[in-house]
Number of protein chains: 2
Amino acid sequence: MRTTTPSFVEAHGQGAARARVLRPSTKVLPEHARGHNRSLVLQTLYRAAHQSRADIARQTGLTRVTLSDLVAELITEHLIVETGQREDARPGKPATLLDLNRTAFHIVGVDLSGEAFRGALLDLDGAILERAEQPRDGDVGADATAKVVALIESLVARATLPILGVGVGSPGIVDLDGTVLSAPNLGWTNEPLRAQLADRFGLAVVVTNDANAAVLAEHSFGAADGDMMLVTVGHGVGSGLLLGGSPLYGSRFAAGEIGHVVVGTDGGAECACGKRGCLETWLATPRLSAALAAAPTAHARDGVLREAGQRLGIALAPIVGALNLAEVVLSGPVELLDGALTDSVAETVRARTMDVFHGGLTLRMTTLGDDIVMRGAAVTVLSGVLGVS
Amino acid sequence: MRTTTPSFVEAHGQGAARARVLRPSTKVLPEHARGHNRSLVLQTLYRAAHQSRADIARQTGLTRVTLSDLVAELITEHLIVETGQREDARPGKPATLLDLNRTAFHIVGVDLSGEAFRGALLDLDGAILERAEQPRDGDVGADATAKVVALIESLVARATLPILGVGVGSPGIVDLDGTVLSAPNLGWTNEPLRAQLADRFGLAVVVTNDANAAVLAEHSFGAADGDMMLVTVGHGVGSGLLLGGSPLYGSRFAAGEIGHVVVGTDGGAECACGKRGCLETWLATPRLSAALAAAPTAHARDGVLREAGQRLGIALAPIVGALNLAEVVLSGPVELLDGALTDSVAETVRARTMDVFHGGLTLRMTTLGDDIVMRGAAVTVLSGVLGVS
DNA sequence: GATGTTTGTTAGTGAACCTTACGAAAGGGT
DNA sequence: ACCCTTTCGTAAGGTTCACTAACAAACATC
């Protein structure tokens, strides 16, 4: 057993650097607790409708008294309504059931990731009520912004109920304030989209990265749990990560940008970014479709798809291992992704990682189709209004 | 512009699945807020010593009144002491300075990741005061646990101050309760180490994965910020991830397990796990040392190191891209890692990812040497006692 | 009809933070 | 020397929030 002398300690300069154990945090007041508990009530009702005050109290651990108080507050704000009495025959006073005021608000969800801007009016459950589309016609910069405004305008005009908020899923890099730091396709640099839209419409607006919106949709409406990666394959390849139930943004808000990661050690086609063998050169739909068209036989087409899946699997394996992901979901054209490609991804990832507990990884297509980003954008509004944190 | 009919909605089953927007959370009481604010005070003082009540109040946003109250409470618990008056010449009543009671407690930090179990007595700043070592002699299971107890016993006996807590960094998979779910080298399966040690010593005990402890140490004592990956190279290869200032555990507490991820598309040596080309087959120190010994010239040795670095870079690239990491730190034998290998990792990762903002990635060796796990274990105790929430 | 159960509300208590106000202790100006 | 200003820490009292205790209402069961 050795003993360090003071000089050893000094030599390592341990006294100099002061530890930063905790992340810089802010004060918490009782009113913040109130807000949290408010969200808790809304959350509970959101997941299971038609519960009584006593039910919610039991679930949340709050007292019936406190809960009554919270509910009264939420009723005056028209976020909650009483929906009648419970009818089953039990002893005791019959319960008055509550529910979110689901038919009292609309949400506007917008998806800027495609060739045309798409939007929809949704209800609080995330069901799509009305759709709208705005061809972009190659517009960039301020013109593109104007098209977004026009799209939202048309949806707002069609709403028959108060609008809870506007959610936007944008490609590119978006910071926490909803400023699009960089979106090459749309010609945006430091575009303060959220602030502009909020000013223009006087509504709550949330702007997020499209893949992050998608991963939230999958979490909310799909069967996915809180740790998941959603890979979007389209004109480009991107991804959104959900860790512990909340999206990962990354140190420069660019988390999920895997399209230009080089995959494999055997070269590959040249990419628009200048490198060789980027994930996109194998998977982006234009290249993939071209390769499929060039394949002479069904067998050859299968080979193309399996190769693409293998490449994605090679890129995903280190991520799945490092993050101990239990679930990866693919989103994109079903006719390309579903089947051989998905199977191949799963096989490749399983072959290249160690399942700590066997049967660890689930890999599947999303069930939400093309609406995933719009519906995810709506979820961001719900989260914002219901209050996360 | 299309409009969805109700049947479309039904067809997609949107009404059926209820969104789970928010992660299941628990109620928050005023007393929890109090705890949070207590931590905030300790945190503020931990980062910069010798501040007055008024200073802390300004920093945290709490009022001087509230702060006086919190400080009084912390002083009665001997966690904070008054250290005299401020001496600079200013108008107004001179400030009475406060500091953490840095000389009033010891922390026990233990590292189980090496051939021998190592431990130390540390002060609140993380400086090592006394060391102890306990050869494992190949013991596994209960015998290994007994060795851990003996090691801690010897350190506790040597402490001249009350012990704030015991931190343990263990290899393998450790859950949030400090149960070692699986540590093949130590022959542990579902070993409730934290509970056992807490029972035995009547002290606060924190048990974490060794790489997670290391990444906390690097964050606390090194220059690393809140988004970082720390790769440990030794008998095996592992990693710890810090995202937004807090460690990532993964869906099955196995985050960071990258040693058995297959890297590259060109085969590789056979691994103990049965696969070919695992990261460990290129990087684990026994293999690396053997390869170096077999290399005839300095030039060949350089090649071996560069090859190893390249392999690590290939595995890291997708992770760095997906998580948008700004910093990767290596920990392990300096004579192997520092130099050609580290350079090669950096080059490879940069060449295989897209730096969204140029100069994005910092890649370097840790400056904490062999003590990194022990000191990280001490940080877990500080976090636990100061209260992370 | 008496008893027990469940629901939701009223009344009162304690915790935690706030605002307002004040004494203490210094510097600076006349 | 005196007064004014600044800064620090503490008191006193108010507000918010959730809790406990108690109760009325409404139902089932015996």
Side-chain angles (χ1 to χ4, degrees), chain A residues 25-42 44-45 50-77 80-99 387 389, chain B residues 25-42 44-45 50-77 80-99 387 389:
Chain A
S25 183
T26 52
K27 62 174 174 179
V28 169
L29 306 181
E31 68 206 66
H32 296 131
R34 178 78 165 187
H36 182 98
N37 289 336
R38 258 179 62 113
S39 301
L40 196 57
V41 172
L42 291 170
T44 309
L45 269 179
H50 303 294
Q51 299 188 79
S52 72
R53 292 169 173 84
D55 292 335
I56 302 175
R58 276 186 292 266
Q59 273 191 54
T60 58
L62 293 163
T63 5
R64 290 201 307 274
V65 180
T66 303
L67 216 118
S68 258
D69 195 45
L70 284 165
V71 165
E73 186 180 304
L74 291 167
I75 285 180
T76 65
E77 296 173 32
I80 280 186
V81 285
E82 296 191 339
T83 62
Q85 295 206 334
R86 181 170 282 150
E87 286 170 3
D88 54 351
R90 287 194 304 176
K93 176 178 172 180
T96 40
L97 297 175
L98 303 167
D99 193 11
S389 92
Chain B
S25 182
T26 51
K27 62 175 174 177
V28 170
L29 306 183
E31 66 205 69
H32 296 133
R34 177 77 165 187
H36 183 100
N37 289 336
R38 260 179 61 114
S39 300
L40 195 56
V41 172
L42 291 171
T44 308
L45 270 180
H50 302 293
Q51 300 188 79
S52 72
R53 291 169 174 84
D55 293 334
I56 303 175
R58 275 186 293 266
Q59 273 191 53
T60 57
L62 294 162
T63 40
R64 290 202 305 273
V65 180
T66 303
L67 215 117
S68 258
D69 195 46
L70 283 166
V71 165
E73 186 180 304
L74 291 168
I75 285 181
T76 66
E77 295 174 33
I80 281 186
V81 284
E82 296 191 339
T83 62
Q85 294 208 335
R86 181 171 282 147
E87 288 172 1
D88 55 350
R90 285 194 306 178
K93 176 180 172 180
T96 45
L97 297 175
L98 302 168
D99 193 10
S389 88

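The chains referred to below are lettered A, B, ... by the order of the sequence lines, with proteins before strands, and numbering in each begins at 1.
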Phosphate oxygens OP1/OP2 of D/dC8: is one of them under 4.0 Å from a side-chain N or O of B/T96? no

By nearest-heavy-atom nucleotide on DNA chain C, the more 5' of B/E31 and A/A95 is A/A95

Where the side chain of A/K27 meets the backbone of B/G61, is there a donor-acceptor pair that is under 3.5 Å apart? yes

By nearest-nucleotide position on DNA chain D, the 5'-leaning member of B/E82 and A/T63 is B/E82

Looking only at side-chain N and O atoms, does B/T66 come under 4.0 Å of OP1 or OP2 in C/dA16? no

- Item | Any donor-acceptor pair under 3.5 Å from B/E73 side chain to B/R38 backbone | no

Assign each of A/L29 and A/R58 the nucleotide of DNA chain C bearing its closest heavy atom; nearer the 5' end lies the nucleotide of A/R58

B/S/- along nucleotides 20-30 of chain C (protein heavy atoms under 4.0 Å) is B--BBBBS---

- Message: Taking 4.0 Å as the cut-off, does a side-chain nitrogen or oxygen of B/S68 come that near to OP1 or OP2 on D/dT10?
- Response: yes

- [ ] Tell me whether the OP1 or OP2 atom of D/dA18 has a side-chain N or O from A/N37 closer than 4.0 Å.
- [x] yes

Check your understanding: Are any of A/R34's side-chain N or O atoms less than 4.0 Å away from OP1 or OP2 of D/dA18?
Key -> yes

Open item on the list: Using a 3.5 Å distance criterion without hydrogens, assess whether the side chain of A/D69 forms a donor-acceptor pair with backbone atoms of A/T66.
Closed with: no

